Asks: 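My questions will all concern the structure given below.
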Amino acid sequence: MPTTQAPTNWAGNITFSAARLHHPDSVDELRRIVSSADRVRVLGTGHSFNRIADTEGDLVSLDRLPHRVEIDPGKGTATIAAGMRYAHVAQALHAEGFALANLASLPHITVAGACTTATHGSGSDQRCLAAAVAALEIVGPDGEVTRFDRDEDRDRLNGAVVGLGGLGVVTAMTLDIEPTFDVAQWVWTGLPLDRLDDSFEEIFRAAYSVSVFTDWHSGEGVVWLKCRTDLPDPPEPEQPWLGARPANRHHHPVPAMPPLHCTEQLGAPGPWHERLPHFRPDFTPSNGDELQSELLLPRESASAAFAALRGLGDRIAPVVQVSEVRTVAADELWLSPAYGRDSVAFHFTWVPDHDAVIEVVGAMEEALLPLGARPHWGKLTTAAPERVLSSYDRAGDFAGLLAEHDPAGKFRNAYLEGYFPTG
């Protein structure tokens with residue numbers, strides 16, 4: 001039975017407007033819910049910070065659908081239930097000797113939620129998580145299941161994967177997989193931010209996955225290197241590097257937080273899924289103590305972006321908990337912020353003061369949008385929809401895909417209508 005108590009997102013800054021929240025325990029039940037509803041949206045783990053998942057109609061959670069992980073070693077793929085969390089998918093794959101190429105900082109998020117918003121990890125040669133999708137199964141407005149498949153029509157799949165929830169309810173995804181691998185994680189502290197600019201390539205190609213944390217005001221950063229043990233060695237872990245010092249203790253991305261729930265550091269090797277995220281899956285992140293925003297820019301704009309953010313450092317520092325810099329490889333997904341270009345991503349974890357934060361976000365966007373910045377679809381932004389879409393060459397094609405698969409707008413909401421208005 002559906003519940004009527006108003007749910008909130010993970011951070012608690014959004015209370016959803018849905019009349020009902022459904023937890024179907026089968027795809028057939030889900031199909032009945034969708035076909036009989038006037039308006040439907042899907043709620044994953046609620047790790048979005050805006051109203052992308054909101055609706056005044058029926059909200060559906062896939063958390064009770066049966067888990068499914070079907071590996072095809074010959075094709076190098078695994079078909080999984082889209083509502084599963086990455087932690088559960090990763091554990092199942094690793095148990096059979098397989099891996100995903102990359103993971104986000106949190107393993108708690110659902111596969112469908114992450115892919116439909118183009119969420120990413122880090123790595124100069126690693127694309128966003130959605131780029132691993134080889135096929136989709138989607139329950140459309142009439143309750144029927146449509147399949148998008150790379151082998152049948154690669155371009156349409158590229159349009160559907162980052163779908164913002166507008167094409168229907170994704171029930172299954174086929175993901176590219178590879179043989180399992182081990183990762184060792186090292187941390188260096190006190191990196192002069194000048195080196196972030198003049199040694200950009202050396203820093204972000206020093207390991208399989210690299211993150212730099214800073215507040216843009218102190219003049220220093222902390223570097224996390226996640227190093228595959230089957231690839232060339234990272235910088236000498238016991239020695240200073242680019243002016244930074246090797247850490248002799250575990251660190252949390254937020255300087256004031258204890259590192260108890262972070263993944264193992266200090267070079268201890270372990271399975272990919274226990275090192276690529278920043279946080280362990282057995283730890284449930286706290287609710288209500290942060291907001292987030294993120295902008296992805298062409299990698300060639302990194303230097304100008306560093307200068308702009310350091311220039312705003314005295315405004316950023318009072319309201320930021322930490323900012324993370326990562327790199328993401330180009331992809332072909334129509335609405336991916338890394339579409340068509342190797343990118344540098346600037347992520348911000350803010351204090352939970354919306355008015356103060358949104359003022360600073362606006363100032364940053366005024367400086368970075370002219371450099372080609374694209375906001376993350378699931379986080380805070382002040383940018384007008386038409387300004388955002390002006391940097392997406394395939395935005396018009398996506399609007400056509402929406403009209404084709406959901407002509408009556410069953411899966412639309414105010415967020416989606418703002419970007420892709422009907423009529």
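Positions are given from 1 along the sequence. Keep in mind the model is a prediction, meaning the values are calculated, not measured.
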Asks: Applying ring-ring contact (aromatic ring centres under 6.0 Å, His included), can you list everything that pairs with H251, at least two apart in sequence or on another chain?
Replies: none
Asks: Going from CG on L276 to NE2 on H273, what distance comes out if it is rounded to the nearest 0.5 angstrom?
Replies: 10.0 Å
Asks: Sequence neighbours left out, what passes ring-ring contact (aromatic ring centres under 6.0 Å, His included) with Y419? Give chain and number order.
Replies: W377, Y415
Asks: Is R374 positioned over the aromatic face of Y392, cation under 6.0 angstrom from the ring centre and no more than 45 degrees off axis?
Replies: yes
Asks: Salt-bridge test for K379 and E294: reply yes if a basic N is under 4.0 Å from a carboxylate O, no otherwise.
Replies: no
Asks: Do you know the tightest heavy-atom contact between A131 and L333?
Replies: N-CD1, 3.7 Å
Asks: Taking the inter-plane angle between the rings of H47 and W10 on a 0 to 90° scale, is it parallel (under 30°), tilted (30 to 60°) or perpendicular (over 60°)?
Replies: parallel
Asks: Excluding sequence neighbours, so at least two apart, what forms side chain to side chain donor-acceptor pair (under 3.5 Å) with W350?
Replies: S293
Asks: Tell me the closest heavy-atom pair linking G83 and L62, and the distance in Å.
Replies: CA-CB, 4.0 Å
Asks: Identify all side-chain donor-acceptor contacts of residues 159-188 below 3.5 Å with residues at least two apart in sequence or on another chain.
Replies:
| unit_1 | atom_1 | unit_2 | atom_2 | d |
| --- | --- | --- | --- | --- |
| T171 | OG1 | E137 | O | 3.3 |
| T174 | OG1 | T79 | OG1 | 2.8 |
| D176 | OD1 | R150 | NH1 | 3.2 |
| D176 | OD2 | R150 | NH1 | 3.4 |
| D176 | OD2 | R150 | NH2 | 2.9 |
| E178 | OE2 | R228 | NH1 | 3.0 |
| T180 | OG1 | H94 | ND1 | 2.8 |
| T180 | OG1 | W272 | NE1 | 3.2 |
| Q185 | OE1 | K226 | NZ | 2.5 |
| Q185 | NE2 | T263 | OG1 | 3.1 |
| Q185 | NE2 | E264 | O | 2.9 |
| W188 | NE1 | Q239 | O | 3.1 |

Asks: How would you list, by chain and number, every residue that makes a side chain to side chain donor-acceptor pair (under 3.5 Å) with D63, sequence neighbours excluded?
Replies: H23, S61
Asks: Rounded at 0.5 Å granularity, tell me how far NE2 in H261 sits from CZ in R280.
Replies: 6.5 Å
Asks: Nearest 0.5 Å, what's the CG-CZ distance between L21 and F16?
Replies: 9.5 Å
Asks: Under 3.5 Å, is there a donor-acceptor pair between the H22 and D58 side chains?
Replies: yes
Asks: When you compare the side chain of R39 with that of R41, does any pair of heavy atoms fall below 4.5 Å?
Replies: no
Asks: For D151 and D149, which heavy atoms make the closest approach, and how far apart are they?
Replies: N-OD1, 2.8 Å
Asks: Tell me whether the count of non-hydrogen atoms from other residues, nucleotides or ligands lying under 6.0 Å of CD in E70 goes above 12.
Replies: yes
Asks: A side-chain contact here means heavy atoms from C-beta on lying under 4.5 Å apart; do L93 and L100 qualify?
Replies: yes
Asks: Begin with the C-alpha distance, continue with both residues' side-chain angles, and end with the deciding distance and a verdict on ring-ring contact (aromatic ring centres under 6.0 Å, His included) for H252 and F279.
Replies: CA-CA 9 Å; H252 190 287; F279 299 99; 5.3 Å; yes
Asks: Got F204 and V325 here, is their nearest side-chain heavy-atom distance under 4.5 Å?
Replies: yes
Asks: Check whether any side-chain N or O of E365 sits under 3.5 Å from a backbone N or O of P375 as a donor-acceptor pair, and report yes or no.
Replies: no
Asks: What pairs of residues pass the salt bridge (Lys or Arg N to Asp or Glu O under 4.0 Å) test when at least one of them lies in residues 340-353, not counting sequence neighbours?
Replies: none
Asks: Which pairs with one or both residues in residues 74-83 pass salt bridge (Lys or Arg N to Asp or Glu O under 4.0 Å), sequence neighbours excluded?
Replies: none
Asks: Answer yes or no: does atom CD of E56 have more than 12 heavy-atom neighbours from other residues, nucleotides or ligands under 6.0 Å?
Replies: no
Asks: Return the OG to NE2 distance between S105 and H347, rounded to the nearest 0.5 Å.
Replies: 6.5 Å
Asks: Roughly how far, to the nearest 0.5 Å, is the CZ atom of F411 from the OG1 atom of T55?
Replies: 10.5 Å
Asks: Please name all residues satisfying side chain to side chain donor-acceptor pair (under 3.5 Å) with Y208, sequence neighbours left out, ordered by chain then number.
Replies: Q126
Asks: Distance from D331 atom CG to H120 atom NE2, nearest 0.5 Å?
Replies: 11.0 Å
Asks: Compare every heavy atom of C115 with every heavy atom of A130, then report the nearest pair and how far apart it is.
Replies: CB-O, 3.5 Å
Asks: Measure from the side-chain N and O atoms of R326 to the backbone N and O of S122, and report whether any donor-acceptor pair falls under 3.5 Å.
Replies: no
Asks: Hey, does the side chain of T214 reach the backbone of E220 with a donor-acceptor pair shorter than 3.5 angstrom?
Replies: yes
Asks: Kindly write out the residues that satisfy ring-ring contact (aromatic ring centres under 6.0 Å, His included) with F398, not counting sequence neighbours, or none if the list is empty.
Replies: F420
Asks: Answer yes or no: is there a side-chain heavy-atom contact under 4.5 Å between V222 and V322?
Replies: no
Asks: Examine distances only and state if a side-chain atom of S199 and a backbone atom of E202 form a donor-acceptor pair shorter than 3.5 Å.
Replies: no
Asks: Any donor and acceptor pair, going by atom type alone, linking the side chain of R147 with main-chain N or O of I138 inside 3.5 Å?
Replies: no
Asks: I'd like to know whether the aromatic ring centres of W224 and F213 sit less than 6.0 Å apart in this structure.
Replies: yes
Asks: Any salt bridge (Lys or Arg N to Asp or Glu O under 4.0 Å) involving residues 45-55? Give me the pairs, sequence neighbours left out, ordered by first then second residue.
Replies: R51-D54
Asks: Under 6.0 Å between ring centres: does that hold for H405 and F148?
Replies: yes
Asks: Classify the angle between the aromatic ring planes of F283 and H108 as parallel (below 30°), tilted (30 to 60°) or perpendicular (above 60°).
Replies: perpendicular
Asks: With salt bridge (Lys or Arg N to Asp or Glu O under 4.0 Å) as the rule and sequence neighbours excluded, what pairs involving residues 124-133 come up?
Replies: D125-R205
Asks: When you measure from the side chain of S35 to the backbone of R31, do you find a donor-acceptor pair of N or O atoms at a distance under 3.5 Å?
Replies: yes
Asks: Ignoring hydrogens and geometry, is there a side-chain-to-backbone donor-acceptor pair from E29 to D25 under 3.5 Å?
Replies: yes
Asks: Quick one: does W241's side chain get under 4.5 Å of P246's, heavy atoms only?
Replies: no
Asks: So, for H376 and F346, is the gap between ring centers shorter than 6.0 Å?
Replies: no
Asks: For a 4.5 angstrom cut-off between non-hydrogen side-chain atoms, does D155 reach L157?
Replies: no
Asks: Donor-acceptor check, side chain of S48 to backbone of N50, threshold 3.5 angstrom: yes or no?
Replies: no
Asks: Return the set of residues passing side chain to side chain donor-acceptor pair (under 3.5 Å) with S211 (not counting sequence neighbours), or none when no residue passes.
Replies: E324
